[in-house]
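First listed ligand is number 1; within each ligand, the first listed atom is number 1. Quantities reported herein were computed from a predicted structural model and do not represent experimental measurements.
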Amino acid sequence: MANNLLKGKRGIIFGALDENSIAWKTALKVKEEGGSFTLTNAPIAMRMGKINELAKACNAEVIPADATSEQDLTNLFTKSTEVLGGKLDFVLHSIGMSPNVRKDRTYGDLNYEWFLKTLDISGISFHKVLQTAEKTDAMNEWGSILALTYIAAQRTFPDYSDMAQAKAVLESIARSYGYRFAKLKKVRVNTISQSPTKTTAGAGISGFDVFFDYAQMMSPLGNASGEDCANYITMMFSDFTRMVTMQNLMHDGGFSSTGITQDLIDRLSK
Ligand code: NAI
């Protein structure tokens with residue numbers, strides 16, 4: 001049921017690859033709630049993905065941008081304000097990629113050039129997005145900027161490899177830039193720490209199915225789905241969360257506060 005939570009608000013949504021993407025589900029929800037936006041992804045993902053299908057459904061323009069390129073980002077922010085007819089109220093950074101994970105390098109045998117790529121694509125790109133938003137003066141006051149993260153930033157999940165460091169960088173950037181943007185423009189900056197979710201990026205982590213099931217058992221409410229995440233993002237873009245900033249918000253069905261559950265006790269005592 002739509003409530004016009006984002007009526008009249010404008011923004012940019014990064015990272016919709018296919019219908020499983022959290023960004024894809026978010027775009028549909030934001031549209032339903034009255035928001036308008038441009039869609040963006042890396043040029044290579046555009047060729048492989050289905051973003052044009054989503055663009056059609058949302059009546060949104062697609063503007064390619066590699067999130068590690070300052071030039072692409074400047075073009076994206078400038079064009080988005082032109083196309084949407086004014087400054088922006090929300091931005092979703094929904095980007096993650098590790099060449100080491102993708103190519104199955106173990107944590108004791110990392111390729112350091114790839115490690116730097118992981119940090120750039122999955123962590124530092126968030127700083128580039130924020131800095132570009134500031135330099136192009138693209139944000140309205142009380143805007144909301146979000147990135148998606150995972151609890152492996154705080155606790156070790158062996159197969160998450162160098163993505164754990166990238167997510168720690170990402171969360172730290174949200175705090176540091178959140179301070180700056182609040183002072184400058186009353187813009188809020190947060191990360192949402194999401195449950196394991198069956199998407200292209202999620203399934204790229206080896207052993208994903210096992211930790212999906214483990215998290216399901218360890219979360220009193222169960223894993224939060226991609227749709228649940230899209231709802232939470234929509235709320236965080238709305239005026240109902242104006243004083244929330246510089247936070248890493250757990251969206252995980254209770255996983256992060258749970259020591260053990262009866263489900264796990266039952267399973268382990270079999
Ligand atoms: P996804 O694979 O659908 O989305 C990842 C996106 O990153 C893709 O659209 C990809 O094209 C984009 N991307 C990669 N390199 C890029 C670059 N250089 N420039 C611009 N875009 C680039 O997967 P998902 O799961 O929707 O991922 C979205 C976010 O959610 C990521 O930050 C991910 O780490 C995070 N997350 C995912 C979880 C999961 O279990 N799926 C759990 C917690 C967080």
Fill in the blank from the handout: In ligand 1, the atoms that come under 4.0 Å of a heavy atom of Y150 are 42 (C), 43 (C)
Exercise for the section: Among Ile, Leu, Val, Met, Phe, Trp and Tyr joined by side-chain contacts under 4.5 Å, find the other residues sharing a cluster with W114 and list them by chain and number. Expected result: none
Handout entry: Residue of the set T81, D137, T136 for which side-chain hydrogen bond (donor to acceptor under 3.5 Å, both in side chains) holds with K87
Key = D137
Completion exercise
At under 4.0 Å between heavy atoms, what of S193 touches ligand 1? The answer is neither
Exercise for the section: Could you tell me whether K185 atom NZ has more than 12 heavy atoms of other residues or ligands within 6.0 Å of it? Expected result: yes
Problem - S238 side chain to F240 backbone, donor-acceptor under 3.5 Å - result: yes
Exercise for the section: Looking only at protein heavy atoms, identify the closest one to atom 6 (C) of ligand 1 and say how far it is in Å. Expected result: S94 O, 3.5 Å
Problem - Salt-bridge criterion met for E53 and K56 (N-O under 4.0 Å) - result: no
Completion exercise
Ranking I95, T191, I151 by closest non-hydrogen atom to atom 31 (C) of ligand 1, top hit is I95
Problem - S125 heavy atom under 4.0 Å from ligand 1 - result: no
Problem - Exceeds 12 heavy-atom contacts within 6.0 angstrom, atom CD of E19 - result: yes
Handout entry: Distance filter under 4.0 Å to A45 heavy atoms, resulting ligand 1 atoms
Key = 11 (O)
Handout entry: For atom 35 (C) of ligand 1, closest protein heavy-atom neighbour
Key = L148 CB, 3.8 Å
Completion exercise
min-distance protein heavy atom vs atom 19 (N) of ligand 1 -> A67 N, 2.9 Å
Handout entry: Verdict with reasoning, L88 to N140, per side-chain contact (heavy atoms from CB on, under 4.5 Å)
Key = CA-CA 6 Å; L88 310 177; N140 274 325; over 6 Å; no
Exercise for the section: For atom 37 (C) of ligand 1, grab the closest protein heavy atom and report residue, atom and distance to one decimal in Å. Expected result: I22 CD1, 4.2 Å
Practice task
Identify, by atom number and element, the atoms of ligand 1 in contact range of F208, meaning under 4.0 Å from any of its heavy atoms.
Solution key: 40 (O)
Completion exercise
Ranked by distance from atom 27 (O) of ligand 1, the top protein heavy atom is A201 CB, 4.0 Å
Handout entry: Salt-bridge criterion met for R105 and D162 (N-O under 4.0 Å)
Key = no
Problem - Geometric class of the H251/Y232 ring pair [parallel <30°, tilted 30-60°, perpendicular >60°] - result: parallel
Exercise for the section: Return the orientation label for the Y150 and F211 ring planes: parallel under 30°, perpendicular over 60°, tilted otherwise. Expected result: parallel
Practice task
Run the numbers for me: atoms of ligand 1, each under 4.0 Å from some heavy atom of P196, listed by number.
Solution key: 40 (O)
Exercise for the section: Kindly write out the residues that satisfy side-chain hydrogen bond (donor to acceptor under 3.5 Å, both in side chains) with K31, not counting sequence neighbours, or none if the list is empty. Expected result: none
Practice task
May I ask you to identify the nearest protein heavy atom to atom 24 (P) of ligand 1, giving residue, atom name and distance to one decimal place in Å?
Solution key: T199 OG1, 3.4 Å
Practice task
Give the atoms of ligand 1, by number and element, whose distance to some non-hydrogen atom of D66 is under 4.0 Å.
Solution key: 17 (C), 18 (N), 19 (N)
Completion exercise
Interatomic distance, CE@M235 vs CD@E33, rounded to 0.5 Å, equals 10.0 Å
Completion exercise
ligand 1 to G96, heavy atom cutoff 4.0 Å, flagged ligand atoms 7 (O), 31 (C), 32 (O)
Completion exercise
the protein heavy atom lying closest to atom 4 (O) of ligand 1 turns out to be G15 O, 3.6 Å
Problem - Check ion pair K25-E227 (N to O, under 4.0 angstrom) - result: yes
Problem - W24 to ligand 1, any heavy atom closer than 4.0 Å - result: no
Handout entry: Closest to atom 10 (C) of ligand 1 (judged by heavy-atom distance), picking from D18, L17, N41, L73
Key = N41
Exercise for the section: Considering heavy atoms of the protein only, find what lies nearest to atom 3 (O) of ligand 1 and give residue, atom and distance to 0.1 Å. Expected result: S21 OG, 2.6 Å
Exercise for the section: Would you please determine whether K167 falls within less than 4.0 Å of ligand 1 on a heavy-atom basis? Expected result: yes
Practice task
Using distance alone, determine whether N20 and ligand 1 share an N or O pair under 3.5 Å.
Solution key: no
